[in-house]
Each structure stands twice: as C-alpha cells, then as structure tokens.
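Report on the structure given below.
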Amino acid sequence: MNRFLLKVSGAVARVTDSALGPHQTAVIRIGFSATWLLFLLREFPHRQELYGPDGPWDWDLADQLVGSNGAFTALLWSDGQGWFEALYLLAVVWSVLLLLGWRTRTMSVLFMVGVLSLQNRSVFMGDGGDNVLHLMSVYLVFTRCGQVWSLDARRARRADEVRARGERPQDRTGPALWGVLGFLLLLATLAGRMDGDWFVPALLWTVWLAQALWWLVGRYARTPQPRGLLDVVANIVHNGALLVIMAEACLIYATAGWYKIQGSRWQDGTAVHYPLHLEYFSPWPALGDLLTASGTLVMLVTYGTVAVQVAFPFTLFNRRVKNLLLALMITEHAVIAVVLGLPFFSLAMIAADAVFLPTSFLRRMGNACRRAYGWVRTRILRILPPRTRAGGAPVPVPRTGSPGEPVDHLDQVDHVDREEQAGQGPTVPAPGKAPSTRP
C-alpha cells in the first residue's frame with residue numbers, strides 16, 4: 001500500500017511540477033503551423049475561390065450555415081474584399097510567428113482564430129487533414145509549446161541571465177500586445193460578433209485574463225509562491241492537453257482501422273488498388289500502375305494498413321513496438337503524400353504522430369539541426385569578406401589549443417550543447433577575454 005501511495009504521489013508531483021513532453025509539443029507546434037502555412041501559400045492564387053467572395057460557397061450561404069450551427073469565423077464579420085485579404089495575410093503571419101515560437105501563447109490563440117475563420121467559412125474545402133488541423137489548433141492553445149526550439153525559449157534564457165545579475169527583466173512588447181488584442185476583443189464583443197457558440201469567445205477572454213494575471217503576479221508579487229501556483233496550474237493544463245492530443249491521435253487510427261475492417265474491399269485485400277487508379281488521386285499515373293502491378297503487394301499493403309492502425313493504440317505500453325509502428329505510419333503518410341497527391345493531409349497526420357516520438361530521438365534531431373546551422377553559418381562567414389560580416393570590422397576567428405590551429409565552429413556548437421544539457425546557459429566569452437567566474 002505504501003509503495004502504491006508513493007507511486008501516486010510521484011506521478012502527481014511530476015504532473016504538477018513540470019510541463020511534460022517539451023520537445024514533443026514543440027514539434028507539434030512547428031508541424032501544424034508549417035502545414036497550415038504551406039497550405040495558405042500554395043492556395044494563395046486560388047484564395048478567392050476557396051474562401052473569398054468568388055467561391056461557390058458564397059457569403060450568404062456561409063452566413064446561413066454559421067447562423068444555424070454557431071461556428072466561429074471572423075471572415076463573416078464583413079463581406080468586403082479588404083477584410084478578406086487582410087485576414088488571409090494575417091493568418092499567414094500568425095503561422096510564421098507560431099512556427100518561430102514568438103509569443104507562443106498569444107500566437108497559438110491567433111493561429112486558432114485564423115484556422116477556424118477560414119475553415120468555417122467554407123466547410124467543404126479540405127482533404128481530411130483539415131479536420132485534424134482544426135482540432136489541434138484548439139488543443140495547442142492549452143499547451144506550453146514554446147519551451148524549446150523557439151524565440152520564447154531564447155528570451156527566457158536571456159531573462160534568467162538578467163535576473164542572475166540582480167536586475168529585473170523588462171518586457172514592453174508583451175503588455176502592449178496584450179492591450180491591443182484586448183481592445184480589439186472588446187470591440188468585437190460589443191459589436192455582437194461573438195454571439196455564436198460560447199466556447200471560442202470564452203476561451204479568448206480566459207486566455208486574455210490569464211495573461212494579465214500572469215504579468216501582474218510576475219511584476220508585483222513579493223514572494224515566489226503566487227508565481228509557483230500559476231506555474232502548477234499551467235503545467236496541469238498543459239499535461240492535460242498533451243494527454244488529449246495523444247488520445248485524439250489514437251482515436252483517429254483506431255476508428256479508421258475498425259471502419260476499414262467492415263469494408264468488403266479491405267477484407268478481400270484489394271482496397272489499395274482503387275484509389276491509385278482514380279484520376280483525382282493520381283498525380284503520377286505511372287507510379288500508381290507500378291505499385292498495383294503486383295497483386296501480392298497490394299494485398300500486403302491493404303492488410304498491413306489495417307493491422308497497423310488497429311494495433312497502434314495497444315502498442316503504447318511497449319516502447320520498441322510503438323516506435324516500430326510509428327515509423328511505419330510516418331512512412332505510410334509520406335507515401336500517401338507522393339503517390340495520392342495529398343501532401344497537407346500527410347503533413348497533418350505526421351505532425352500528430354510526432355507526439356509519440358522518443359525524446360532522445362528529438363534531441364538528436366535538434367542537435368543535428370543546430371550543427372547543420374553552425375556548418376552553414378561557418379561556410380557563409382568564410383565566403384563573405386571581413387568588412388561585410390560585422391558592420392565593417394573584421395570578425396576574429398576563435399581559436400583554442402596550439403597557436404595557428406583554427407577551431408571549427410561545430411566544436412563551439414558542441415560546447416554549447418553540453419552546457420545546455422548540463423542545465424547551464426551557453427557562455428561564450430568575448431574574443432580576447434577570459435570567461436567570467438562569477439555566478
């Protein structure tokens with residue numbers, strides 16, 4: 001009994017003390033924002049037909065539908081061309097900022113507004129991936145998805161350095177952004193633009209008030225207890241949203257697999273043959289003919305797809321089997337993107353699958369990207385003339401070891417990586433100075 005209580009208390013402490021899965025939620029943030037951004041950019045020439053006034057689903061039909069189901073869409077606040085163009089461009093900007101991790105809590109809310117506004121304006125546009133993106137855009141609001149691989153993480157490290165020097169970090173951008181968005185939200189509420197379903201308006205006001213409370217406590221609290229309490233609440237909300245995202249992904253695969261079992265074409269092993277020969281899903285007809293030339297291959301792919309989708313939720317308790325099936329599903333979605341011409345559906349599903357990726361793999365991937373960035377930066381600095389590198393002043397090449405032996409920039413990146421893994425911030429001394437030994 002005591003052992004059981006210890007496990008329960010340990011689990012409760014872990015859920016409340018930290019936001020779990022920081023790398024997984026960062027990948028989800030990057031994956032879904034990149035998916036929506038690429039979709040908006042690809043469809044930019046066709047935006048009028050998809051979501052604008054030139055589409056078959058015109059403004060009056062959309063207004064009648066929203067009036068009956070109460071869905072949220074800011075595109076119906078005005079039928080003007082300027083409003084549509086502005087909101088479409090804002091959706092692109094919000095996706096870029098969320099991808100970079102700038103003010104992730106605020107940008108996640110604005111990202112959700114952009115997704116819901118466009119998708120609820122024309123509900124018949126999409127290929128299945130839009131449903132996943134629709135749900136995940138709401139779930140992202142509840143997560144602390146900017147802990148790593150974001151501009152917010154870099155700003156947090158710099159704020160910690162300022163506090164370590166005994167100073168108070170200054171943040172003027174956050175309160176200004178909060179004030180402007182609060183004013184716009186108040187205007188929309190008073191104008192009756194939030195009279196539909198209560199969920200989205202309530203969520204917007206809740207996040208706005210929570211941001212205000214967070215800033216006030218951090219600014220005026222004399223003891224760390226109030227801020228610690230807010231951290232506990234934020235961690236609980238984050239971990240609950242992460243659990244919902246995992247359950248949603250499992251539910252998608254489980255329902256898809258069990259519905260396939262009931263189909264006669266899936267039962268006789270020929271289901272994969274038919275979509276590969278539909279003109280709408282055949283961007284590469286020759287590739288489809290090649291894949292369906294072997295009846296045995298078609299049967300194996302058909303049965304394998306059903307088996308993987310049905311079995312995946314049950315493999316979460318075995319790490320090795322789960323990772324194997326996860327690799328198979330990601331490969332399957334990559335093949336669907338190329339063979340069936342559904343890139344955004346595949347990107348959305350791969351981004352949802354990323355919540356189950358091992359942390360060690362994500363860290364190695366992050367380190368590899370950092371090393372690649374360091375390699376590219378070093379090569380660019382070597383190509384550029386010295387006077388164009390730093391405002392006309394030559395940039396000295398850092399050296400260690402014996403005189404005359406240059407040091408590759410990758411060694412510095414590895415040094416920074418080791419410091420970050422040890423829980424310290426990167427401390428690169430200025431050229432010609434010894435590193436400080438003060439805490």
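Computed from heavy atoms alone, side chains included, the values below leave out hydrogens, waters and symmetry copies.
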Kindly say whether [Y] contributes a backbone atom to a donor-acceptor pair with the side chain of [X] at under 3.5 angstrom?
{"X": "Arg121", "Y": "Leu75", "value": "no"}
{"X": "Ser346", "Y": "Ala334", "value": "no"}
{"X": "Ser78", "Y": "Gly80", "value": "yes"}
{"X": "Arg105", "Y": "Thr143", "value": "yes"}
{"X": "Ser122", "Y": "Met125", "value": "no"}
{"X": "Ser117", "Y": "Gly114", "value": "no"}

Just so I know, are the side chains of [X] and [Y] near enough to count as touching, which here means a heavy-atom distance under 4.5 Å?
{"X": "Leu181", "Y": "Leu185", "answer": "no"}
{"X": "Leu204", "Y": "Val113", "answer": "yes"}
{"X": "Val339", "Y": "Trp284", "answer": "no"}
{"X": "Leu325", "Y": "Leu328", "answer": "yes"}
{"X": "Thr73", "Y": "Leu76", "answer": "yes"}
{"X": "Ile252", "Y": "Met349", "answer": "yes"}
{"X": "Arg363", "Y": "Thr359", "answer": "yes"}
{"X": "Arg377", "Y": "Ile380", "answer": "no"}

Original post:
Yes or no on side chain to side chain contact (heavy atoms under 4.5 Å, CB included) for Phe345 and Thr35, after CA distance, side-chain angles and deciding distance?
Top reply: CA-CA 9 Å; Phe345 166 77; Thr35 301; over 6 Å; no
Original post:
Do Arg144 and Asn235 get their side chains close enough for a donor-acceptor pair, meaning under 3.5 Å?
Top reply: yes
Rounded at 0.5 Å granularity, tell me how far [atom1] in [X] sits from [atom2] in [Y].
{"X": "Arg29", "Y": "Ser108", "atom1": "CZ", "atom2": "OG", "result": "10.0 Å"}
{"X": "Leu65", "Y": "Asp60", "atom1": "CG", "atom2": "CG", "result": "12.5 Å"}
{"X": "His238", "Y": "Ser18", "atom1": "NE2", "atom2": "OG", "result": "8.5 Å"}
{"X": "Asp79", "Y": "Trp59", "atom1": "CG", "atom2": "CH2", "result": "5.5 Å"}

**OP:** Using the test side-chain contact (heavy atoms from CB on, under 4.5 Å), find all partners of Val180 that sit at least two apart in sequence or belong to another chain.
**Re:** Leu184
Subject >> side-chain contact (heavy atoms from CB on, under 4.5 Å) against Leu229, all qualifying residues, sequence neighbours excluded >> reply: none
**OP:** Could you walk me through whether Phe111 and Phe32 pass the ring-ring contact (aromatic ring centres under 6.0 Å, His included) test, one step at a time?
**Re:** CA-CA 10 Å; Phe111 176 77; Phe32 281 106; 8.2 Å; no
**OP:** Starting from the C-alpha separation in whole Å, work towards a yes-or-no answer on side-chain hydrogen bond (donor to acceptor under 3.5 Å, both in side chains) for Arg364 and Asn367.
**Re:** CA-CA 5 Å; Arg364 289 195 298 269; Asn367 292 336; over 6 Å; no
**OP:** Decide side chain to side chain contact (heavy atoms under 4.5 Å, CB included) for Phe72 and Val66; before the verdict, give the C-alpha distance in whole Å, the side-chain angles of both, and the deciding distance to 0.1 Å.
**Re:** CA-CA 7 Å; Phe72 173 84; Val66 170; over 6 Å; no
Original post:
What pairs with Tyr51 under ring pair (Phe, Tyr, Trp, His ring centres under 6.0 Å), at least two apart in sequence or on another chain?
Top reply: none
Subject >> Phe124: partners by ring pair (Phe, Tyr, Trp, His ring centres under 6.0 Å), with sequence neighbours left out >> reply: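 Partners of Phe124 under the ring pair (Phe, Tyr, Trp, His ring centres under 6.0 Å) test: Trp57.
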Between [X] and [Y], what is the shortest heavy-atom contact and its length?
{"X": "Ala351", "Y": "Ile28", "answer": "O-CG1, 3.8 Å"}
{"X": "Ser33", "Y": "Ile30", "answer": "OG-O, 3.2 Å"}
{"X": "Val15", "Y": "Asn239", "answer": "O-ND2, 2.6 Å"}
{"X": "Pro343", "Y": "Ala337", "answer": "CA-CB, 3.8 Å"}
{"X": "Pro22", "Y": "Val148", "answer": "O-CG2, 3.5 Å"}
{"X": "Arg219", "Y": "Arg168", "answer": "O-NH1, 3.2 Å"}

**OP:** Decide if atom CZ of Arg227 counts as having more than 12 heavy atoms of other residues, nucleotides or ligands within a radius under 6.0 Å.
**Re:** yes
Original post:
What pairs with Asp171 under salt bridge (charged side-chain N to carboxylate O under 4.0 Å, His left out), at least two apart in sequence or on another chain?
Top reply: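 By the salt bridge (charged side-chain N to carboxylate O under 4.0 Å, His left out) rule, Asp171 matches Arg103.
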Subject >> Asp353: partners by salt bridge (charged side-chain N to carboxylate O under 4.0 Å, His left out), with sequence neighbours left out >> reply: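 For Asp353, no residue satisfies salt bridge (charged side-chain N to carboxylate O under 4.0 Å, His left out) once neighbours in sequence are set aside.
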Review item, side-chain donor-acceptor pairs of residues 191-202, under 3.5 Å, at least two apart:
from, atom 1, to, atom 2, distance (Å)
Arg193, NH2, Trp77, O, 3.3
Asp197, OD2, Phe199, N, 3.2

**OP:** Decide yes or no on side chain to side chain contact (heavy atoms under 4.5 Å, CB included) for Leu100 and Ser150, but give the supporting numbers first.
**Re:** CA-CA 6 Å; Leu100 298 176; Ser150 66; over 6 Å; no
**OP:** Kindly indicate, with the supporting measurements, whether the criterion side-chain hydrogen bond (donor to acceptor under 3.5 Å, both in side chains) is fulfilled by Gln147 and Thr25.
**Re:** CA-CA 9 Å; Gln147 298 178 92; Thr25 50; 4.6 Å; no
Subject >> ring pair (Phe, Tyr, Trp, His ring centres under 6.0 Å) contacts touching residues 130-181 (sequence neighbours left out) >> reply: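 Found His23-Trp149, Trp178-Trp208.
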Original post:
Got a sec, which pairs hit side-chain hydrogen bond (donor to acceptor under 3.5 Å, both in side chains) with one end in residues 85-100, sequence neighbours left out?
Top reply: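 Pairs touching residues 85-100 that pass the test: Arg47-Glu85, Gln48-Glu85, Gln81-Glu85.
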Subject >> Of all pairs that satisfy side-chain hydrogen bond (donor to acceptor under 3.5 Å, both in side chains), the ones with a partner from residues 321-333, not counting sequence neighbours >> reply: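 As it turns out, the side-chain hydrogen bond (donor to acceptor under 3.5 Å, both in side chains) pairs with a partner in residues 321-333, which skip direct neighbours, are Tyr253-His333.
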Original post:
Met112 pairs by side-chain contact (heavy atoms from CB on, under 4.5 Å) with which of Leu140, Val141, Val207?
Top reply: Val141
Original post:
Who passes side chain to side chain donor-acceptor pair (under 3.5 Å) against Arg154, sequence neighbours left out?
Top reply: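 With neighbours one apart ignored, the set is empty.
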Original post:
With sequence neighbours left out, what residues match Trp215 under side chain to side chain donor-acceptor pair (under 3.5 Å)?
Top reply: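 In terms of side chain to side chain donor-acceptor pair (under 3.5 Å), with neighbours along the sequence ignored, Trp215 is linked to no residue.
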Subject >> Ion pair Arg155/Asp152, N-O distance below 4.0 Å >> reply: yes
**OP:** Evaluate the criterion side-chain hydrogen bond (donor to acceptor under 3.5 Å, both in side chains) for residue pair Trp205 and Thr189; output intermediate values, then yes/no.
**Re:** CA-CA 10 Å; Trp205 278 111; Thr189 304; 3.3 Å; yes
Original post:
Do Leu276 and Ser282 pass the side chain to side chain contact (heavy atoms under 4.5 Å, CB included) test, and can you show the C-alpha distance, the side-chain angles, and the key distance before you say yes or no?
Top reply: CA-CA 6 Å; Leu276 293 176; Ser282 298; 5.7 Å; no
